[in-house]
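Below is one structure; the comments refer to it alone.
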Amino acid sequence: LPLPPADYVICESTYGDRLHPEGDIKERLKAIVHETIAKGGSVIIPSFAVERTQVMMYLLWQLRAAGELPDVPLIMDSPMGSRVLDIFEKYKGWHQLPIEEYTAMCGIFQVVERCRETVELIHTKYPKIVIAGSGMVTGGRVLNYLQEYIDKWQHTVLLVGYQGEGTR
């Protein structure tokens, strides 16, 4: 549904004063994943639950669909991120992601909702790619993963969003 006309529109622009580096982000992501998996490690991606998580899911899905991603589990561990996926599905007309791609993308991810599942996944030894909240690593389930993985050389923590001054 289109929004009604407005006299003023206020929007957040965290990146409004920045230029992003040039290059193919999917290629950079693919290289990081391949390097980490080759070492037997996991990629842990702290991510904001709204939009950044879904963008990361989409990029990983595109790489998997193109046969350019190793066959390792893809995990989205964010209850709020899961609710955002529900909103994407409910309001199909408000975004440009075709429903077929949305369905295929969601179909390759294990979406974790319960803390017990998080604990079980943390203690698995196989390589995996985990997207978990919070994006600035100030709370959320990503802290549980980092407690187990951050000091082990074979794993990669991939920061994909804005990091505020003074955050981890």
Side-chain angles (χ1 to χ4, degrees), residues 1-34 37 42-118 120-121 128-145 157-164:
L1 302 170
L3 297 175
D7 292 328
Y8 299 95
V9 175
I10 300 171
C11 69
E12 183 276 338
S13 73
T14 302
Y15 299 109
D17 65 343
R18 291 174 177 80
L19 296 175
H20 295 287
E22 294 194 21
D24 187 338
I25 195 71
K26 280 195 290 190
E27 286 300 316
R28 291 176 64 193
L29 177 60
K30 181 173 77 170
I32 291 166
V33 168
H34 279 276
I37 302 303
S42 293
V43 179
I44 309 300
I45 305 172
S47 187
F48 300 101
V50 179
E51 190 182 3
R52 188 58 48 107
T53 289
Q54 295 74 32
V55 167
M56 293 308 300
M57 290 175 69
Y58 188 67
L59 292 172
L60 290 165
W61 170 75
Q62 287 180 316
L63 289 169
R64 176 68 57 85
E68 297 179 354
L69 198 66
D71 189 21
V72 298
L74 301 174
I75 299 156
M76 194 274 281
D77 192 346
S78 169
M80 186 185 296
S82 175
R83 295 301 153 313
V84 172
L85 289 175
D86 294 341
I87 292 169
F88 268 60
E89 189 167 355
K90 185 174 181 178
Y91 297 99
K92 298 172 189 85
W94 285 29
H95 59 81
Q96 296 178 349
L97 182 60
I99 193 64
E100 302 80 26
E101 290 184 15
Y102 165 84
T103 303
M105 174 187 81
C106 291
I108 67 168
F109 277 86
Q110 176 182 347
V111 178
V112 177
E113 302 249 358
R114 308 224 182 296
C115 288
R116 182 178 306 157
E117 292 174 89
T118 299
E120 290 171 4
L121 284 166
K128 58 194 147 299
I129 301 169
V130 179
I131 305 169
S134 80
M136 282 196 228
V137 197
T138 56
R141 293 189 180 174
V142 76
L143 293 178
N144 298 316
Y145 287 94
V157 177
L158 180 59
L159 300 173
V160 296
Y162 176 80
Q163 300 299 304

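Along the sequence shown, residues are numbered consecutively beginning with 1.
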Shortest non-hydrogen contact from L121 to K128?
O-CE, 3.3 Å

Please step through side chain to side chain contact (heavy atoms under 4.5 Å, CB included) for the pair S78 and R141, ending with a clear verdict.
CA-CA 7 Å; S78 169; R141 293 189 180 174; over 6 Å; no

Any chance you could lay out the side chain to side chain contact (heavy atoms under 4.5 Å, CB included) test for I87 and K90, step after step, and finish with the verdict?
CA-CA 5 Å; I87 292 169; K90 185 174 181 178; 5.6 Å; no

Which is it for L74 and L69 under the side chain to side chain contact (heavy atoms under 4.5 Å, CB included) test, yes or no, and what are the steps along the way?
CA-CA 10 Å; L74 301 174; L69 198 66; 4.1 Å; yes

Any non-hydrogen side-chain atom of L158 less than 4.5 Å from a side-chain atom of L29?
yes

How are the rings of H95 and Y102 set to each other: parallel, tilted or perpendicular (split at 30° and 60°)?
tilted

What distance do R64 atom CZ and I129 atom CD1 have between them, rounded to the nearest 0.5 Å?
6.5 Å

Any idea which heavy atoms bring G161 and F48 closest together, and the distance?
CA-CE1, 4.0 Å

What pair of heavy atoms forms the shortest contact from Y145 to I75, and how long is it?
OH-CG2, 4.5 Å

Between E101 and Y58, what is the shortest heavy-atom contact and its length?
OE1-OH, 2.6 Å

From I32 CD1 over to K30 NZ, what is the distance, rounded to the nearest 0.5 angstrom?
12.5 Å

Can you give me the closest heavy-atom contact between E117 and V111, atom names plus distance?
OE1-O, 4.5 Å

If you measure from CD1 on I131 to CG on L59, what distance do you get to the nearest 0.5 Å?
9.0 Å

I45 side, atom CD1; M76 side, atom CE - distance, nearest 0.5 Å
12.0 Å

Any chance you could measure M136, atom CE, to L159, atom CG, to the nearest 0.5 Å?
11.5 Å

Measuring from atom CG of D77 to atom OG1 of T53, what distance do you get when rounded to the nearest 0.5 angstrom?
10.0 Å

Closest heavy-atom pair, V142 versus A132, reported as atoms and distance to 0.1 Å, is CB-O, 3.8 Å

Could you tell me whether a side-chain N or O of Q54 sits under 3.5 Å from a main-chain N or O of E51, the two making a donor and an acceptor?
yes

